[in-house]
A.B. asks: 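Pasting a structure here, questions to come.
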Amino acid sequence: MLNRALRRFLRLLWRLIWRGALGFVVLSVALVLLFRFVPPPGSMVMVERKVQSWINSEPIDIQRQWRSWENLSSNAKLAVISAEDQRFPEHRGFDFVEMRRAWEASRDGERLRGASTLSQQTAKNVFLWSGRSWVRKGLEAWFTLLIETLWGKQRILEVYLNVAEWDTGVFGLEAAANHYFGASGSALTERQASLLAAILPSPHTRSASRPDAQVERRGQWIRQQMRNLGGTAYLERL
């Protein structure tokens, strides 16, 4: 009797698990497909920042204006690729060269280095929460595969530039350009774009309009990489 009841329970549990998994797959594919054509209304990072502000009783004003691909600075597009993911046009969401280098550096006792591609960062920012866990990394891989398949490189970069966080409450290139330079996100100079890209690893502690020595050096390196890649003509590869 007990064994029969246990078997029924296990069968019910299994049905719930696979139905839940199937529902998640269908919903996530539908959501990614929708955002291929419709601008995401926000990102999970924005939601997270809002929740944190409520918990800490520190009001936050989210600044963000969506801009289409044509209205995003080519200098900014190239700058973030140069800074974050120079193999962006070639890989399928995961840069195994950088992942191997990061693993070797960690094995040799060096400082842990990031190996996330622009595709992975976009997937995480739009659909997931911040923090480190195997569950989040697994979901990040799933959404990365989806956006690589359903969006393509140009859409991924377009969404990334519209959701990236550049300061407290400042999301997207348009808001960042206005916040730091009083400029439009479509008219950034090479230097301005490189400084914005330079602060992306630590947007809460660095400034693009008042760069310290480290940000200046990083910006100079990014500008040199932009030229090494062949300038904005590189974007045609997307």
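Below, all heavy atoms of this structure are taken into account, side chains as well, without hydrogens, waters or symmetry copies. What you see is a predicted model; the values in this text were computed from it and never measured.
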A.B. asks: State which residues pass side-chain hydrogen bond (donor to acceptor under 3.5 Å, both in side chains) with S119; sequence neighbours excluded, sorted by chain then number.
C.D. replies: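 For S119, the residues satisfying side-chain hydrogen bond (donor to acceptor under 3.5 Å, both in side chains) (neighbours in sequence not counted) are E148.
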A.B. asks: What verdict does the side-chain contact (heavy atoms from CB on, under 4.5 Å) test give for Q214 and R206, after you've listed the backbone C-alpha separation in whole Å, the side-chain angles of each residue and the deciding distance to 0.1 Å?
C.D. replies: CA-CA 9 Å; Q214 184 178 6; R206 298 175 181 174; 3.2 Å; yes
A.B. asks: Quick one: do R191 and E216 make a salt bridge, cutoff under 4.0 Å?
C.D. replies: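 Counted as a salt bridge, because a side-chain N and a carboxylate O are separated by less than 4.0 Å.
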A.B. asks: Looking at K77 and L235, would you say the former's side chain and the latter's main chain have a donor-acceptor pair under 3.5 Å?
C.D. replies: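 Checking the backbone N and O of L235 against the side chain of K77, no donor-acceptor pair under 3.5 Å is found.
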A.B. asks: Regarding E140 and K137, does a basic nitrogen lie under 4.0 Å from an acidic carboxylate oxygen?
C.D. replies: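 Salt bridge present between E140 and K137.
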A.B. asks: Is a side-chain N or O of R155 found less than 3.5 angstrom from the main chain of F35, in a donor-acceptor match?
C.D. replies: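 Yes, R155 side chain to F35 backbone: donor-acceptor pair under 3.5 Å.
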A.B. asks: Any side-chain heavy atom of M44 within less than 4.5 Å of one from L128?
C.D. replies: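 SC-SC contact between M44 and L128 ruled out.
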A.B. asks: Let me see the working for F171 and V45 under side-chain contact (heavy atoms from CB on, under 4.5 Å), right down to the final yes or no.
C.D. replies: CA-CA 10 Å; F171 291 88; V45 174; 3.8 Å; yes
A.B. asks: Is there a donor-acceptor pair closer than 3.5 Å between any side-chain N or O of Q192 and the backbone N or O of T189?
C.D. replies: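 Yes, because the side chain of Q192 sits within donor-acceptor range (under 3.5 Å) of the backbone of T189.
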A.B. asks: S28 vs L146, test: side-chain contact (heavy atoms from CB on, under 4.5 Å). Steps then yes/no.
C.D. replies: CA-CA 9 Å; S28 58; L146 285 183; 3.9 Å; yes
A.B. asks: With under 30° as parallel and over 60° as perpendicular, where do the rings of F143 and F24 fit, or are they tilted in between?
C.D. replies: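 Ring orientation, 0 to 90° scale: perpendicular.
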A.B. asks: Which word best sums up how the rings of F96 and F94 line up, parallel for under 30°, tilted for 30 to 60°, or perpendicular for over 60°?
C.D. replies: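 Aromatic pair F96/F94 classed tilted.
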A.B. asks: Judged by atom type as modelled, is there a donor-acceptor pair below 3.5 Å linking the side chain of N75 to the main-chain atoms of A193?
C.D. replies: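 Not confirmed, N75 side chain does not pair with A193 backbone.
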A.B. asks: Should L31 and V163 be regarded as members of a common hydrophobic cluster, given that ILVMFWY residues are connected when their side-chain heavy atoms come within less than 4.5 Å of each other, either directly or indirectly?
C.D. replies: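 Yes; V163 is reachable from L31 via cluster members.
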A.B. asks: Do V47 and W66 belong to the same hydrophobic cluster, where Ile, Leu, Val, Met, Phe, Trp and Tyr are linked whenever their side-chain heavy atoms lie under 4.5 Å apart, directly or via other members?
C.D. replies: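 The answer is no; the residues belong to distinct hydrophobic clusters.
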A.B. asks: Looking only at heavy atoms, which two atoms of P40 and V159 are closest? And how far apart?
C.D. replies: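 The pair with the smallest heavy-atom distance is CG-CG1, 4.3 Å.
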A.B. asks: Quick one: pull up CD in Q63 and OG1 in T168 and give me the separation to the nearest 0.5 Å.
C.D. replies: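 Output value for this atom pair is 10.0 Å.
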A.B. asks: Grab the two heavy atoms, one from S209 and one from Y180, that are nearest each other, plus how far apart they are.
C.D. replies: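 Smallest interatomic distance, heavy atoms only, reads CB-O, 3.1 Å.
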A.B. asks: Just wondering, do T122 and V126 contact through their side chains at under 4.5 Å, heavy atoms?
C.D. replies: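 Of all side-chain heavy-atom pairs linking T122 with V126, at least one is under 4.5 Å.
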A.B. asks: Where the side chain of S43 meets the backbone of M46, is there a donor-acceptor pair that is under 3.5 Å apart?
C.D. replies: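 Yes; judged by distance alone, with no hydrogens or angles, the pair exists.
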A.B. asks: Tell me whether L22 shares a hydrophobic cluster with W14, the cluster being built from Ile, Leu, Val, Met, Phe, Trp, Tyr side chains joined at under 4.5 Å.
C.D. replies: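 L22 clusters together with W14.
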A.B. asks: How close do L188 and A177 get, counting heavy atoms only, and between which atoms?
C.D. replies: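 Scanning both residues completely, I find the closest heavy atoms to be CD2-CB, 3.7 Å.
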A.B. asks: Would S68 and E158 count as a side-chain hydrogen bond (donor to acceptor under 3.5 Å, both in side chains) if you check the C-alpha gap in whole Å, the side-chain angles of each, and the deciding distance to 0.1 Å?
C.D. replies: CA-CA 7 Å; S68 63; E158 179 185 27; 5.2 Å; no
A.B. asks: For residues 225-233, which side-chain N or O atoms pair as donor and acceptor with protein atoms under 3.5 Å away, sequence neighbours left out?
C.D. replies:
residue : atom : partner : partner atom : Å
Q225    : OE1  : Q86     : NE2          : 3.0
R227    : NH2  : E190    : OE1          : 2.8
N228    : OD1  : Q224    : NE2          : 2.9
N228    : ND2  : Q224    : O            : 3.4

A.B. asks: With sequence neighbours excluded, what pairs up with K124 under the salt bridge (charged side-chain N to carboxylate O under 4.0 Å, His left out) test?
C.D. replies: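 Scan of K124 (salt bridge (charged side-chain N to carboxylate O under 4.0 Å, His left out), adjacent residues dropped) gives none.
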A.B. asks: With rounding to the nearest 0.5 Å, note down the distance linking CG in L78 to CZ in F88.
C.D. replies: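 One gets 12.0 Å once the value is rounded to the nearest 0.5 Å.
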A.B. asks: Keeping the roles fixed (side chain from E174, backbone from N162), state whether a donor-acceptor pair exists under 3.5 Å.
C.D. replies: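 Not at all, since once roles are kept as given, no pair shorter than 3.5 Å links the two residues.
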A.B. asks: Verify, without hydrogens or angle tests, whether N56 (side chain) and Q52 (backbone) share a donor-acceptor contact under 3.5 angstrom.
C.D. replies: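 At least one qualifying donor-acceptor pair exists.
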A.B. asks: Go through the steps to decide whether V29 and L150 satisfy the test side-chain contact (heavy atoms from CB on, under 4.5 Å), and finish with yes or no.
C.D. replies: CA-CA 9 Å; V29 170; L150 299 177; 4.3 Å; yes
A.B. asks: Is R49 salt-bridged to E165, cutoff N-O under 4.0 Å?
C.D. replies: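 So R49 pairs with E165 through a salt bridge.
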A.B. asks: Show the nearest heavy-atom pair for residues S194 and R223, with the distance to one decimal.
C.D. replies: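 Looking at all heavy atoms of both residues, the shortest contact is OG-NH1, 2.8 Å.
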A.B. asks: Indicate the atoms forming the closest heavy-atom contact of L139 with W129, along with that distance.
C.D. replies: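 That would be CD1-CH2, 3.7 Å.
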A.B. asks: Would you say V38 and Y160 are hydrophobically clustered, going by side-chain heavy atoms of ILVMFWY under 4.5 Å?
C.D. replies: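 Yes, V38 connects to Y160 through the hydrophobic network.
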A.B. asks: Within a strict 4.5 Å, meaning less than it, do heavy atoms of the W69 and L157 side chains meet?
C.D. replies: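 A side-chain contact under 4.5 Å exists here.
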A.B. asks: Rounded to the nearest 0.5 Å, how far apart are CG of N125 and CD of Q121?
C.D. replies: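 N125 atom CG to Q121 atom CD measures 7.0 Å (nearest 0.5 Å).
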A.B. asks: Is there a chain of hydrophobic side chains (I, L, V, M, F, W, Y, each step under 4.5 Å between heavy atoms) that links I17 to W142?
C.D. replies: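 I17 does not cluster with W142.
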A.B. asks: Can you tell me how far the OG atom of S186 sits from the CG atom of L72, to the nearest 0.5 Å?
C.D. replies: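 Reported value, rounded in 0.5 Å steps: 8.5 Å.
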A.B. asks: Ignoring hydrogens and geometry, is there a side-chain-to-backbone donor-acceptor pair from W166 to L173 under 3.5 Å?
C.D. replies: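 Answer holds: no.
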A.B. asks: When rounded to the nearest 0.5 angstrom, what distance separates CD1 in I147 from CD1 in I156?
C.D. replies: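 That separation rounds to 4.0 Å.
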A.B. asks: Where do P89 and L238 come nearest, in terms of heavy atoms and distance?
C.D. replies: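 Residues P89 and L238, closest heavy atoms: CG-CD2, 3.8 Å.
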A.B. asks: Check the pair H204 / D167 against side-chain hydrogen bond (donor to acceptor under 3.5 Å, both in side chains), numbers first and verdict last.
C.D. replies: CA-CA 5 Å; H204 298 286; D167 200 354; 4.6 Å; no
A.B. asks: Would you say that S184 contacts N178 through its side chain, given a criterion of any heavy-atom pair below 4.5 Å between the two side chains?
C.D. replies: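 They are not in contact (no side-chain heavy atoms under 4.5 Å apart), so the answer is no.
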A.B. asks: Nearest 0.5 angstrom please: D85 CG to E90 CD, how far?
C.D. replies: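 Between D85 CG and E90 CD, I get 9.5 Å after rounding to 0.5 Å.
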